[in-house]
Amino acid sequence: MPKNKLLLVDGNSVAFRAFFALHNSLERFKNANGLHTNAIYAFHTMFENVMAKEQPTHVLVAFDAGKTTFRTAMYEDYKGGRSKTPGEFKEQMPYIRELINALGVQYYELDNYEADDIIGTLANKVDKELFDVVVLSGDRDLTQLATEHVKVDITVKGVSEIESYTPAHVAEKYDGLTPLQIIDMKGLAGDASDNIPGVTKIGEKTAIKLLKEYGSVEGIYEHIDEMKKSKMKENLINDREIAFLSKQLATIDVDAPIEVDVDKLKYEGKDLEKLVPFYQEMNFNSFLDKLQITAEPVEMEDILFSVVEEVTEDMFQGDTALYVEMMGDNYHLEDIVGVAWGNQEKIYVSNREELFESPAFTDWLKDEKRKKFVYDAKRTYVALNRYTTAPKGIAFDVLLAAYLLDTNDTNNDIAGVAAHYGYDAIQSDEAIYGKGAKKGLPADEEDFFAHLARKVAAITNLTPKLTEELAAKNQTALFEEMELPLSMILAEMEITGIKVDASRLHQMKGEFAQRLHEIEEKIYAEAGENFNLNSPKQLGVILFEKMGLPVIKKTKTGYSTAVDVLEQLKEQAPIVEDILTYRQIAKIQSTYVEGLLKVIQGDGKVHTRYVQTLTQTGRLSSVDPNLQNIPIRLEEGRKIREAFVPRETDWVIYSSDYSQIELRVLAHISDDTHLKEAFIEGQDIHSSTAMRVFGIEKAEDVTPNMRRQAKAVNFGIVYGISDYGLSQNLGITRKAAQQYIDTYFEKYPGVKTYMEDVVREAKDKGYVETLYHRRRYLPDINSRNFNIRTFAERTAINTPIQGSAADILKIAMIDLAKRLKEEKLAATMLLQVHDELVFEVPESELPRLDALVKEVMEQAVALHVPLLTDSNWGKTWYDAK
DNA sequence: GATGTCACG
DNA sequence: ACGTACGTGACATCT
């Protein structure tokens, strides 16, 4: 029979260590009620680490009972002189007990005794034949307990570093001492942290020397007469009583009157019923997520549902939750493996293709009046559109709502979102389907159906909850009038896709391959050897070791070879220029030419996916392929745009973008007189800034260089400026950059006030908002760590600007989709690139589209300054410039 | 899976 | 004194 293992944890000292392990993140660890949670969090991590490492069969956490113990009775100054325990720590102790309880572990305390004594007694008492013992503490005093069957783990640093004390390790560390002699050592040398006095002038070193000769405190005093006359001997004689008292104080009582039945300490696993709500209360979302994944197959209550044989109309009564399952991310291509729908009364599940043909089902999908609640409307829409018909009447999207409520908390599956809102009758997809190569449908079809049914139940449960939360945060309109309608428009844009001229790309591929080959050969010749040009590591060795170029910047792992570094080196070695060219072409070749070719579908188009629930600011992102970062700045790359063409030959690509939308938004929110004036009068904004910052009277006296610098300042303002950032960007000194900033704020006091106000508000409320109540929480805004805090401050400044600009474009898109339909234009909206919309349009419709787009975009919202757009068109996206 | 680099707004 | 511009995604390399 394998031996049992008993883990004994010194609750107070581990908690105390935990508190200080994450002390510099104190302000980041706060739950919704303002409770600090750093010690709870770190305690949890430390405890789980040891549990995983030791795999004990039995566990107990011991706590100190109170202020007075038998030791204070002996020596009233015991543990005296300690600085007061911080309030931020004390408030967490009750929750640590609650956590231990939820982790399925018992704790124990005993009047008059410290945790040490409980641990010592239990370690001493258990049957050594049946049990090994592991002690976890933050206090080295406990090392005296180490024996052949008791190992003492002491937390050393951070949350994960532990030092294990066995008798052998003690001997090694203390020059041959046994664990029990540690007590004698404390008797002689004392212990400042517990305020144990010890003998005058004797420290650890001397104590060890004495103990090696005489064995123990008692041994020393038995032979004290034999010692030669010395100051030390005198001290020993004078402090005899103190020595014995100190030893007694340092001795852990291994025979305390405790009433713990070791058999009752058997570890039976976590108590999920307590742990899930505890994590929720503490906002420990990462632990919550992990729980979904690693939790033993939770015994879920059975869920009632019907597997549909034949679809009938009565299956679609009233408001209904709908879920469409696919095994992969790309809903443009993935097979639908199952569909479930229902409400409180009844849930239906089906994996039969006939479903999509059945009129009862398709009529319901097409009926706008019969409301559908879903998780991820766009995904649902695109998939169903492909199999049968586009669903109408989608009235709620749990994923989208969760994202709006807290942008930090999504990208989870339903189970993650559900757990966050206190609903746990569902497991994660990973738990049911597995992950990586092993991902697939469960062996038992019944498990799969039950999982789908639970998703429908979760959506049903969460819809009213999240609706209420949105209202509480004043986000109902944002959700109902902006994000949800937009998701349908995005779905249509994705489905439409944009045509890509593969032959053009193939042609470019050949040309670039040729050029790359030539540059490569040249570089190898210059370097005198062949190496992997794509490896920054190998390139670093060539440039900075072999060729001896000066190291300008380092990364975590070695030399930096980024553009700004190479730019500074190109004077010194011709190879550098070639490397820059190589990098530029290689990027275009791999990411754009080859990358795009890989994702062209059978219809000759690419169908991106806009991720609507990801960014912290409200922007969209685009994946698979990313069509929001197609090259434009450099001519070489810009050519890629020649491959983006309209779907019909007599059509053109039309593009319209907002001019300076972020600075206009800033002018609006800050209400700064001069900034507003510049836009109202239609001035060139960067020149206007240059005039004010450099004190120029006439516009024609602004040099291109001044304008360039002013442009950088304007960018900096939007990003939450810092002297360092601006100096890097402009290649000027920090002092000069600071001078620019100071002058800017002097000339634009409204902007300065806005920045101060928004940061103060963020510190106050913990979040910032856009014009349309999109919210971003900034938990770091009050951090004591300079870097973390200032980063949050810059974010507080930038987010309302970037986010409101995103709001405006979203509104324009919704208005435009509506108008295009009303005006019965054939023109189609294809892409959104943050401040730009791209369409394809029959040439004959161009004038009408141009007028409409301009009108709608410029009138999308009314700001204190005008909104302006620039538009262009041509045979390809490249030509729409 | 993390890291460095580089494409976009 | 601290060491940064804001927001993204894809690719190649290396652990």
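To find a chain, count down the sequence lines: A is the first, B the second, and so on, and within it residues start at 1.
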Check side-chain hydrogen bond (donor to acceptor under 3.5 Å, both in side chains) between A:Asn530 and all other residues, then give those that pass, not counting sequence neighbours. none
Counting the atoms with a prime plus P, OP1 and OP2 as sugar-phosphate, which does [X] contact under 4.0 Å by heavy atoms, base, sugar-phosphate, or nothing?
X        : value
A:Asn729 : base
A:Glu662 : nothing
A:Asp657 : nothing
A:Gly716 : base
A:Ala796 : nothing
A:Arg776 : sugar-phosphate
A:Glu594 : nothing
A:Thr799 : nothing

Donor-acceptor side-chain pairing of [X] and [Y] below 3.5 angstrom:
X        : Y        : result
A:Tyr403 : A:Gln612 : no
A:Lys378 : A:Tyr331 : yes
A:Asp564 : A:Gln568 : no
A:Tyr610 : A:Gln832 : no
A:Ser655 : A:Glu836 : yes
A:Asp807 : A:Ser804 : no
A:Thr869 : A:Glu858 : yes

Where does the chain A footprint on DNA chain B start and end, counting 5' to 3' with a 4.0 Å heavy-atom cut-off? B:dT3 to B:dG9
Below 4.0 angstrom, which residues in [range] have at least one non-hydrogen atom near DNA chain B?
range                       : answer
residues 552-560 of chain A : A:Thr555, A:Lys556, A:Thr557, A:Ser560
residues 576-592 of chain A : A:Arg583, A:Lys587, A:Tyr592
residues 623-641 of chain A : A:Gln628, A:Asn629, A:Ile630, A:Pro631, A:Ile632, A:Arg633

Opening and closing nucleotides of DNA chain C in contact with chain A, under 4.0 Å to non-hydrogen atoms: C:dC2 to C:dT15
Approximate separation, where rounding is to 0.5 Å, of A:Tyr724 OH and A:Thr790 OG1: 13.0 Å
Within this structure, what is the NZ-CZ distance for the pair A:Lys587 and A:Phe512, rounded to the nearest 0.5 Å? 14.0 Å
Closest to the 5' end of DNA chain C, once A:Thr795 and A:Pro536 are matched to their nearest nucleotides, is A:Thr795
Of all the base pairs, Watson-Crick or G-U under 3.5 Å, which form stems of three or more consecutive pairs involving DNA chain C? B:1-9 with C:6-14
Begin from the C-alpha positions of A:Thr876 and A:Phe644 and carry the test side chain to side chain contact (heavy atoms under 4.5 Å, CB included) through to its verdict. CA-CA 6 Å; A:Thr876 71; A:Phe644 288 85; 5.9 Å; no
Presence of salt bridge, A:Arg692 and A:Glu746, under 4.0 angstrom: no
Go through the steps to decide whether A:Leu809 and A:Ile661 satisfy the test side chain to side chain contact (heavy atoms under 4.5 Å, CB included), and finish with yes or no. CA-CA 10 Å; A:Leu809 202 75; A:Ile661 187 164; 5.7 Å; no
Where A:Thr581 and A:Ile519 come nearest, the two heavy atoms and their spacing: CG2-CD1, 3.8 Å
Closest approach of A:Ile781 to A:Arg789 (non-hydrogen atoms, all atoms of both residues): O-CG, 3.3 Å
C:dA5 and B:dC6, which share atom name P, separated by this distance in whole Å: 15 Å
Between C:dT4 and B:dT3, how far apart are the P atoms? Round to whole Å, please. 15 Å
Could you work out, with side chain to side chain contact (heavy atoms under 4.5 Å, CB included) as the rule, every residue matching [X], not counting sequence neighbours?
X        : result
A:Ser535 : A:Asn532, A:Lys537, A:Gln538
A:Ala812 : A:Tyr658, A:Met857, A:Ala860
A:His686 : A:Gln660, A:Leu663, A:Asp684, A:Arg707, A:Lys711, A:Asn714
A:Gln601 : A:Leu333, A:Asp603, A:His607

The correct set of residues in residues 830-838 of chain A placing a heavy atom under 4.0 Å from DNA chain C is none
A:Arg583, A:Arg641, A:Arg515 screened by salt bridge (Lys or Arg N to Asp or Glu O under 4.0 Å) with A:Glu636, the one that passes: A:Arg515
For the pair A:Phe531 and A:Tyr524, name the ring-plane relationship: parallel under 30°, tilted 30 to 60°, perpendicular over 60°. perpendicular
